[in-house]
Amino acid sequence: MGKVAAVLRIMPESAEVNLKDLEQSIRKKVKGIQDVATEPIAFGLQALKIAVVVSDDEGGTDMIEKALSEVPQVGQVETIAVNRMI
Amino acid sequence: MASVKPHLNLAVIGHIDHGKSTTVGRLLFETGAVPQHVIDGYRKEAESKGKGSFEFAWVMDNLKEERDRGITIDIAHKRFDTAKFYFTIVDCPGHRDFVKNMITGASQADAAVLVVSAPDGVQEQTKEHVFLARTLGIQQLIIFVNKMDSVNYDQKKFEAVKADITNLLKMVAYKPDDMLFIPASAFQGVNIAKKSDKTPWYKGPTLLEALDTLKEPEKPTALPLRLPIQDVYSISGIGTVPVGRVETGIMKKGMNVIFMPANKTGEIKSIEMHHEEIPQAVPGDNVGFNVRGIAKNDIRRGDVLGPVESPPAVAEEFTAQIVVLYHPSAITVGYTPVFHCHTAQVACTITELKKKLDPKTGQVKEENPTFLKTGDAAIVVIKPSRPMVIERIKEIPQMGRFAIRDMGSTIAAGMCIDLVQKQLR
């Protein structure tokens, strides 16, 4: 099976959440995160964007979405792009 | 990489093993989009070992190795240029469980290359992907009949495969007569950048020429405003701030808006994107906005914002065309899986199986079938368990698509073709 590069956007629970701390807890919970960036949204609210590689297999990005949603202070988790890797 | 050329997202679709990766690799290679260090590495190795004829195979291997070195958010994308456009490749994963991401995700494809292997012809995933392309609203398709080297560039074989694909395309109301079919070999580089003497009977364009016949899609700004809510925040000093991506229409400061199915009205006070205030937001913009007259708990994810004069449609029930991608047994009336439509997730019951369609001809195969199974395409009637916004695919295509999920699997994909509107006021 091939590999899929996925980019997910993680919205914090509130605008007051410290994104540095949130990134730490996310990295602790989910292994294999290859890149993290913050994305400014609006009115001081920021989101985290992460890049991960998952296998082109049963379940898609479900497991990782679920794991991320369970991290404290995480609001919505959304897969914004999936791309097969050569 | 600055470019003044118009940009298109290009999906590469087709059955597993029909050569999608090789086709993508060949496109990157022929357009000079392979990273320079990979080419340099090849030159070095070719000089030391004295082999020159396997350049493409070598480059493919090295692109494969590249992925193992890790990705960044930016290079999760593959880009290349033609004479007229610059393209980002949307290389769709093969597993059906990614269908939800493709339907609700951000990277909408503007056009697609359908890769079909000449020796194998139309296969299960070819059918699925054609239906998905249609559901995803991809209007422009180029049909790349690959692996012609395996059938000795036989014109008869090409015509036979072309006829099968033509029937398949007609079934989902594509117009195959307006589409380009290219006999090619990604592996041998035939009819990609250069015409080949191996297909003297073929008078059409190469793949790169075909890509330059595509049209740049217009942003759907003429349609009524639709913005599905991703999340709602209460920000101190500002007030209620919903967040989401504009799908259609234009959102302007001062506009009177309504959230459906919440049935709450408000006025747009200000709009921000990337922390900067903007006077209006257009399709594709990810924005946060402040609304007067709405409390945080009045609305939630899955609600859709529209103008008061043209509110989003809330469906009492709707009729849809679906394709069953996978179901362990059979789908019958009463089945109630979860529908993923824009940002909404709503359990819906299938209340009627109207017609089963023949994937080969597009004709009705059976009226009122008793069940549907994997691979079936059908027209069904659906009743949401709670109010949800969905629009007719003909009116607002961006709001008419959905994926059906059950027990952690993607069961089907579909589009709304008609609906009975719920009266809320």
Side-chain angles (χ1 to χ4, degrees), chain A residues 1-17 19 23 31-66 69 73-86, chain B residues 12 16 20-22 24-25 28 60 63-64 66-68 70-78 89-102 104-107 230-231 233-238 241 243 270-277 286-290 301 343 405 408-410:
Chain A
M1 268 296 175
K3 290 181 176 176
V4 176
V7 179
L8 293 97
R9 183 189 288 126
I10 300 151
M11 299 295 289
E13 218 168 42
S14 78
E16 282 84 46
V17 172
L19 287 194
E23 182 183 335
K31 301 294 168 211
I33 294 180
Q34 305 209 353
D35 194 15
V36 179
T38 54
E39 187 188 20
I41 305 288
F43 305 103
L45 180 70
Q46 296 202 317
L48 283 180
K49 253 183 175 177
I50 63 163
V52 285
V53 175
V54 295
S55 73
D56 190 353
D57 211 345
E58 193 80 37
T61 51
D62 277 6
M63 294 280 277
I64 193 149
E65 281 176 30
K66 187 166 176 285
S69 319
Q73 298 196 303
V74 165
Q76 298 288 346
V77 177
E78 197 153 11
T79 302
I80 52 177
V82 287
N83 227 329
R84 232 165 47 103
M85 301 172 79
I86 277 185
Chain B
V12 180
I16 189 165
K20 284 188 291 179
S21 289
T22 317
V24 169
L28 298 177
M60 277 301 286
L63 286 174
K64 281 196 176 86
E66 287 264 293
R67 77 171 187 202
D68 295 329
I71 53 156
T72 65
I73 288 166
D74 286 338
I75 66 143
H77 303 291
K78 302 187 227 16
I89 295 178
V90 184
D91 197 356
C92 304
H95 201 277
R96 60 174 186 275
D97 286 346
F98 287 96
V99 164
K100 178 195 70 165
N101 305 135
M102 293 183 236
T104 58
S107 46
Q230 271 161 21
D231 222 339
Y233 291 87
S234 174
I235 297 181
S236 56
I238 309 286
V241 175
V243 170
S270 56
I271 310 167
E272 282 201 4
M273 182 163 70
H274 304 302
H275 289 335
E276 279 178 32
E277 188 167 354
N286 269 299
V287 295
F289 51 97
N290 178 221
R301 182 183 172 85
T343 58
R405 309 252 304 161
S409 275
T410 299

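No hydrogens, no waters, no symmetry mates; every other heavy atom, side chains included, goes into these values. Quick note on labels: first sequence line is chain A, next is B, and so on, each numbered from 1.
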Which one, A:E65, A:E39, A:E16, leads in non-hydrogen pairs under 4.5 Å with chain B? A:E65

With rounding to the nearest 0.5 angstrom, report the CG to CE distance, B:D231 to A:M11. 5.5 Å

For the interface with chain A, which of B:R301, B:H275, B:E272 has the highest count of heavy-atom pairs at distances below 4.5 Å? B:H275

For the candidates B:G94, B:G408, B:G25, which exhibits the highest count of non-hydrogen atom pairs separated by less than 4.5 Å from chain A? B:G94

Looking at B:I235 and A:A15, what are the two nearest heavy atoms and their distance? CG1-CB, 4.0 Å

Check each atom of A:V54 against the heavy atoms of chain B and say whether the ones under 4.5 Å are side chain, backbone, both or neither. side chain

Here the pair of heavy atoms bringing B:S21 nearest to A:R84 is OG-NH2, 3.1 Å

Carefully, step by step, assess A:I41 and B:Q230 under the rule side chain to side chain contact (heavy atoms under 4.5 Å, CB included). CA-CA 12 Å; A:I41 305 288; B:Q230 271 161 21; over 6 Å; no

Determine, stepwise, if the pair A:R9 / B:N286 fulfils side chain to side chain contact (heavy atoms under 4.5 Å, CB included). CA-CA 12 Å; A:R9 183 189 288 126; B:N286 269 299; 3.2 Å; yes

Looking at residues at least two apart in the chain, or sitting in another chain, which of them share a side chain to side chain donor-acceptor pair (under 3.5 Å) with B:S270? none

Contact summary for A:N83 and B:D91, nearest pair of heavy atoms: OD1-N, 2.6 Å

Which atoms of A:I50 approach chain B - backbone, side chain, both or neither, heavy atom under 4.5 Å: backbone

Max heavy-atom pair count under 4.5 Å with chain A, selected residue of B:S234, B:G288, B:P93: B:P93

Please walk me through it: do B:F98 and A:T79 pass side chain to side chain contact (heavy atoms under 4.5 Å, CB included)? CA-CA 10 Å; B:F98 287 96; A:T79 302; over 6 Å; no

Heavy-atom contact with chain B under 4.5 Å, split by part of A:E13: backbone

Selection from B:R96, B:M273, B:E277, B:K20 maximising heavy-atom pairs under 4.5 Å formed with chain A: B:K20

For A:D62, the salt bridge (charged side-chain N to carboxylate O under 4.0 Å, His left out) test, sequence neighbours excluded, returns B:K100, B:R405

Output for pair (B:I238 CD1, A:L45 CG), nearest 0.5 Å, gives 11.0 Å

Pairs of heavy atoms under 4.5 Å with chain B: top-ranked of A:G44, A:G32, A:G75: A:G44

